[in-house]
Amino acid sequence: MKRFAGWSLASPATLAVVIFLVLPVVATIITTFLTPAGPLAPYIGFFGSGFRRTVLWRTIQVSLITTVIALFIGFITAYVVSRSPGWLKSILIIAAVFPLLTGVVVRSFAWMIILGKNGILNGMLVGTGIIGEPMTMLYTQGAVIVAMVYLFVPLMVLTLVGVLESIPDDLIQASASLGAKPMATFTQVILPLAVPGLIVGAVLVFTGSFTAYATPQLLGGESQMVMGTLMYQQAMVTFDWVSASTIAAIMVVITIAIVLLMTRMAKRLNPMAV
């Protein structure tokens, strides 16, 4: 009876997820196999195009670089926040969450002002004599990565703070009392226990970066097109819904593959963590 009651309570939410999330994705993928040219024709056409392969590789590259940088910055920030006194911890968490109160488009426009040829950063570098003339920073892969890291580091921090707070101080003190150096304590005590938060944060950052549209469009433009902007172009500009569905299906498969890979890595780092 208890098991039946649990399923009964969960069934409305499960049904809503299936109807509004699972079925649309399945329907999108199915349409790519129903073309007159053959079930695999859209995928053969996608991977047969050098331009589209370049866009796919660029998207994966940007997403992985963003995830690695966000992991590094987010872990250090979260560790400092988790070890801070109560009043300071609250202030630091508010500071970390504050960027999330602003829309993605607004934050992307802010980076356009910072990185533009007549922007704040170029003005400062030229004014101090570090460079002689403004550099081209906008519409580059570096600009997209910087903005994406800024967008997703708060998510990484919020994910890791709770995990790091749950690590008892006694474990760290015991490690030090047994003669472990700080680096050994970090790699053998703190890092393995933080693996669940790292994996969740990495998945959030990677999926967010991999599917992003507004930031790559504003800061990368046509020269730094990614899968999200390519899918939008195919659907809303050329009205090629089969190509757009094919791109969406490829993105879903790659995202699932990356999640499974990260989960496997987590099990290797700490078999008890996941």
Side-chain angles (χ1 to χ4, degrees), residues 2-3 5-7 9-10 13-14 17 62-102 107 145-212 255-274:
K2 289 183 179 180
R3 180 178 297 181
W7 279 107
L9 292 173
T14 304
V17 170
V62 168
S63 302
L64 289 176
I65 294 174
T66 300
T67 302
V68 171
I69 297 175
L71 275 173
F72 180 75
I73 297 175
F75 189 89
I76 294 175
T77 305
Y79 185 79
V80 172
V81 171
S82 66
R83 300 301 166 186
S84 299
W87 63 272
L88 181 58
K89 183 185 298 183
S90 300
I91 294 175
L92 292 176
I93 290 177
I94 292 172
V97 175
F98 186 77
L100 298 177
L101 303 178
T102 309
R107 284 183 279 173
I145 291 172
V146 168
M148 300 276 253
V149 169
Y150 172 74
L151 288 176
F152 293 112
V153 160
L155 292 178
M156 184 69 73
V157 172
L158 292 178
T159 303
L160 288 172
V161 164
V163 176
L164 293 173
E165 280 182 337
S166 65
I167 299 177
D169 291 333
D170 296 343
L171 288 178
I172 300 175
Q173 295 171 1
S175 176
S177 66
L178 292 173
K181 296 181 179 179
M183 183 56 67
T185 300
F186 173 78
T187 57
Q188 298 179 25
V189 178
I190 298 175
L191 186 59
L193 294 175
V195 163
L198 290 171
I199 296 301
V200 172
V203 168
L204 289 175
V205 174
F206 180 85
T207 53
S209 304
F210 191 70
T211 58
T255 301
I256 293 174
I258 293 295
V259 170
L260 294 176
L261 179 62
M262 289 181 177
T263 304
R264 186 166 183 176
M265 290 173 58
K267 290 180 179 179
R268 291 189 134 216
L269 290 172
N270 186 1
M272 301 299 293
V274 290

Please tabulate, for the side chains in residues 75-82, all donor-acceptor contacts under 3.5 angstrom to protein atoms that are two or more places apart in sequence or on a different chain.
{"from": "Thr77", "atom 1": "OG1", "to": "Ile73", "atom 2": "O", "distance (Å)": "2.8"}
{"from": "Ser82", "atom 1": "OG", "to": "Ala78", "atom 2": "O", "distance (Å)": "3.2"}
{"from": "Ser82", "atom 1": "OG", "to": "Tyr79", "atom 2": "O", "distance (Å)": "2.8"}

Enumerate donor-acceptor pairs with a distance under 3.5 Å from any side-chain N or O in residues 145-153 to protein atoms, sequence neighbours excluded.
none

For this session: Kindly state each residue pair satisfying salt bridge (charged side-chain N to carboxylate O under 4.0 Å, His left out) with at least one member in residues 76-90, sequence neighbours excluded.
Result: Arg83-Asp169, Lys89-Glu165
Exercise. So which pairs with a foot in residues 184-201 pass salt bridge (charged side-chain N to carboxylate O under 4.0 Å, His left out), sequence neighbours left out?
Worked result: none
For this session: Start with the C-alpha gap between Leu100 and Leu158, add the side-chain angles, then the distance that decides, and say whether side-chain contact (heavy atoms from CB on, under 4.5 Å) holds.
Result: CA-CA 11 Å; Leu100 298 177; Leu158 292 178; 4.0 Å; yes
Seminar exercise, completed: So CG of Leu160 and CG of Leu71: to nearest 0.5 Å the spacing works out to 7.5 Å
Exercise. Is there a side-chain contact between Gln188 and Ser175, using heavy atoms and a 4.5 Å cut-off?
Worked result: no
Exercise. Please, which pairs that meet ring pair (Phe, Tyr, Trp, His ring centres under 6.0 Å) have at least one residue in residues 157-184, sequence neighbours excluded?
Worked result: none
Seminar exercise, completed: Rounding to 0.5 Å, atoms CD1 (Ile256) and CD1 (Ile258) come to a distance of 11.5 Å
For this session: Might you point out which heavy atoms bring Ser63 and Ser209 nearest each other, and give the distance in Å?
Result: OG-C, 3.5 Å
Exercise. Which distance, rounded to the nearest 0.5 Å, do you find between the CD1 of Ile69 and the CE of Met156?
Worked result: 11.5 Å
Exercise. Can you check side-chain contact (heavy atoms from CB on, under 4.5 Å) on Ile167 and Leu164, steps first, answer last?
Worked result: CA-CA 5 Å; Ile167 299 177; Leu164 293 173; 3.9 Å; yes
For this session: List the steps and the verdict of side-chain contact (heavy atoms from CB on, under 4.5 Å) for Val200 and Val163.
Result: CA-CA 11 Å; Val200 172; Val163 176; over 6 Å; no
Exercise. When rounded to the nearest 0.5 angstrom, what distance separates CG in Leu101 from CZ in Arg107?
Worked result: 9.0 Å
Exercise. Is the closest side-chain heavy-atom distance between Leu198 and Leu191 below 4.5 Å?
Worked result: yes
List the atom pairs, with distances to 0.1 Å, where a side-chain N or O of residues 201-208 and a protein N or O form a donor-acceptor pair under 3.5 Å, not counting sequence neighbours.
{"from": "Thr207", "atom 1": "OG1", "to": "Val203", "atom 2": "O", "distance (Å)": "2.7"}
{"from": "Thr207", "atom 1": "OG1", "to": "Leu204", "atom 2": "O", "distance (Å)": "3.2"}

For this session: Taking all heavy atoms of Pro99 and all of Ala96, pick out the closest pair and write down the distance.
Result: CD-O, 3.3 Å
